[in-house]
Enquirer: 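After the structure tokens below, expect a handful of questions from me.
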Amino acid sequence: MPTISKLLSGMKKSIKERTDPKFETQSFDSVQDDMPHNDRPSDDCLSERCRRAQLATYEAVVIGVSAGGLEALHFLLPRFVKDFALAVMIVQHLHPHSDKFWIGNLDSKCQVTIKQADEKETIKPGVVYIAPANYHLLVEDDKTLSLSVSGRVNYARPSVDVLFRTVADVYGPHVIGIILTGANNDGSRGLKKIKDQGGMAIVQTPATAVVDSMPRAAIEATTVDYVLSLEEIGALLNTISSEKNTALASTSRYRSS
Amino acid sequence: MSDTENENIEIQLLLEAMYQKYGYDFRNYSRASVKRRIRHRLELSEFENISEIQHKLLYEREFFEILLLDLSINVSEMFRDPLFYLALRQEVIPILKTYPFIKIWHAGCSMGEEVYSMAILLQEEGLYKRTQLYATDFNDVVLQKAKAGIYPIDTIKDYTLNYQRAGGKDSFVKYYTAKHGSIIMDRDLKKNVVFANHNLVSDGVFGEMNLILCRNVLIYFNKDLQNRVLKLFYESLCHYGILCLGSKESLQFSDYADYFEALVRHEKIYKRKN
């Protein structure tokens, strides 16, 4: 197993290369091979501990996805581990009359629960909430979900920007915003808001997206922390989740002793 | 994070000012949505912050009207959620047919799209003549629009499609005239409709109804306010009266869950228990 710092610094190093369209996407393995083995100085251990502690503070993940999205979600969500420690909220652009059967289908393929978001529902870790077709999804200060049929934003309802902006308000630095494949620029402004409030921004490597305009617009709009393939996004989120679970377990051990 | 903190305080104060000065109470509305609408106004305006909006609100009535429109969401369609109207036709109309006289209340009717949809449905089912419809909203500007029954012509394709999917028995074109880039709804459709100002947050019961429709209004309220309004609906309905909510609204988690039973569960059509 690669250490978390190796994993993250490896990814970070390749960001610039990855945003460059000329660059072929590196595989996960090749990123790890770039890293020096067992020869890290000790102050790195300290910063590694810091990084791990910081990773454990994330509470929620928000994902914005449009054209090519069903495929992307079918690839990404089944990768989430059973005890996934963060709440996930997703805006997938859909036709206004779409039904929710695809959500049930996706749920049957995943270890985490995938459901359509209900209004006033309390957000729980380990659950993936999907915005209903024709409704904006918002998050309230008490971490419950709310819905709205107010006008379209970026021609879309649900709109990624609407969700991202409210999670930036509520979760501040404890949220991870992710933009995946899509044919417009919805989500760029919201992702910038998340960054402004201290959260993390991840964008799918444009070259690996079915339609790359949404990822490209997001990269242009703000300083993105990671540009990754779907596979790497899954791995990173699982790593963050396990850091969170480890931190939670040690807190509860401390409390009970 | 002090900006966020200030903003939250400013929004609370703005809503307080609106209530104390004009009597419109948004304090128990879902805050995320209200915040979005106020920010939108701030972005459109030249104001530096929400406190400046509050000042203008207190001193200029015209500005209050603008803000009131900002805070009310007036997005709807004719036969919105066609399958709901199909269920209404198949499951609710047969019940209404058993009454000699029918009273229907559209609470939060906005610009009236769903009121005209209901009127068309009642005409086609031969019930319109013995029905009284009450269409209420808290906003006089949108009520005027509802009363006028004039809509942009580019909506017609969607409305016609909705009408057909909702089990429409005739041709939708029969119910409107197209003129100057608009469609004007047939006058006969509003013959038995009373358009009136009523605020669900502060006003009470005004009649005994056989059917209440309040779709996509409760989603903007917090739990307390939802319960208040559901109590109002319960008290306004006759025995076995019918309540229709929006497709993502539910009685399930409210204090009034036991006062109603589902008639068509997936379309959020409920029947008052005795």
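Below, read A as the first sequence line, B as the second, and so on, with proteins coming before strands; counting in each chain starts at 1. Heavy-atom basis, side chains included; hydrogens, waters and symmetry copies ignored. In this text the structure is predicted, and so the values were computed from the model without any measurement.
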Enquirer: Which value, rounded to the nearest 0.5 Å, describes the distance between B:I73 atom CD1 and A:S148 atom OG?
Expert: 4.0 Å

Enquirer: Of the backbone (N, CA, C, O) and the side chain (C-beta and beyond), which part of B:D158 lies under 4.5 Å from a heavy atom of chain A, both, or neither?
Expert: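 Neither the backbone nor the side chain of B:D158 comes within 4.5 Å of chain A.
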
Enquirer: Residue by residue, which of residues 149-160 of chain A have a heavy atom closer than 4.5 Å to a heavy atom belonging to chain B?
Expert: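 Answer by number: A:V149, A:S150, A:G151, A:V153, A:R157.
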
Enquirer: Top residue by heavy-atom pair count (under 4.5 Å) with chain A, among B:N74, B:N216, B:L83?
Expert: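 That would be B:N216.
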
Enquirer: Measure across A:E119 and B:S250 and return the closest heavy-atom pair with its distance rounded to 0.1 Å.
Expert: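 Looking at all heavy atoms of both residues, the closest pair is OE2-N, 4.5 Å.
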
Enquirer: Less than 4.5 Å to any heavy atom of chain B: does that hold for the side chain of A:V170, its backbone, both, or neither?
Expert: neither

Enquirer: Quick one: closest heavy-atom pair of B:L218 and A:K120, and the distance?
Expert: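 Taking B:L218 first and A:K120 second, the nearest heavy atoms are O-NZ, 4.3 Å.
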
Enquirer: What's the spacing between A:L138 CG and B:I219 CD1 if we round to 0.5 Å?
Expert: 9.5 Å

Enquirer: Is it the side chain or the backbone of B:K35 that comes within 4.5 Å of chain A heavy atoms, both, or neither?
Expert: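 Looking at B:K35, just its side chain touches chain A.
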
Enquirer: Nearest 0.5 angstrom please: B:S247 OG to A:L147 CG, how far?
Expert: 9.0 Å

Enquirer: So, are B:E43 and A:R165 salt-bridged, with charged N and O less than 4.0 Å apart?
Expert: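 A:R165 and B:E43: salt-bridged.
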
Enquirer: Need one label for B:R215: side chain, backbone, both or neither, based on atoms under 4.5 Å from any heavy atom in chain A.
Expert: neither

Enquirer: Inspect the surroundings of CD in B:E261 and state if more than 12 heavy atoms from other residues, nucleotides or ligands are less than 6.0 Å away.
Expert: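 More than 12 heavy atoms, drawn from other residues, nucleotides or ligands, come within 6.0 Å of this atom.
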
Enquirer: Give me the one residue out of B:R31, B:R36, B:R39 that meets side-chain hydrogen bond (donor to acceptor under 3.5 Å, both in side chains) with A:D169.
Expert: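 Among B:R31, B:R36, B:R39, the one that satisfies the side-chain hydrogen bond (donor to acceptor under 3.5 Å, both in side chains) with A:D169 is B:R39.
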
Enquirer: Quick one: closest heavy-atom pair of B:K248 and A:P132, and the distance?
Expert: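 So the two residues come closest at CE-CG, 3.6 Å.
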
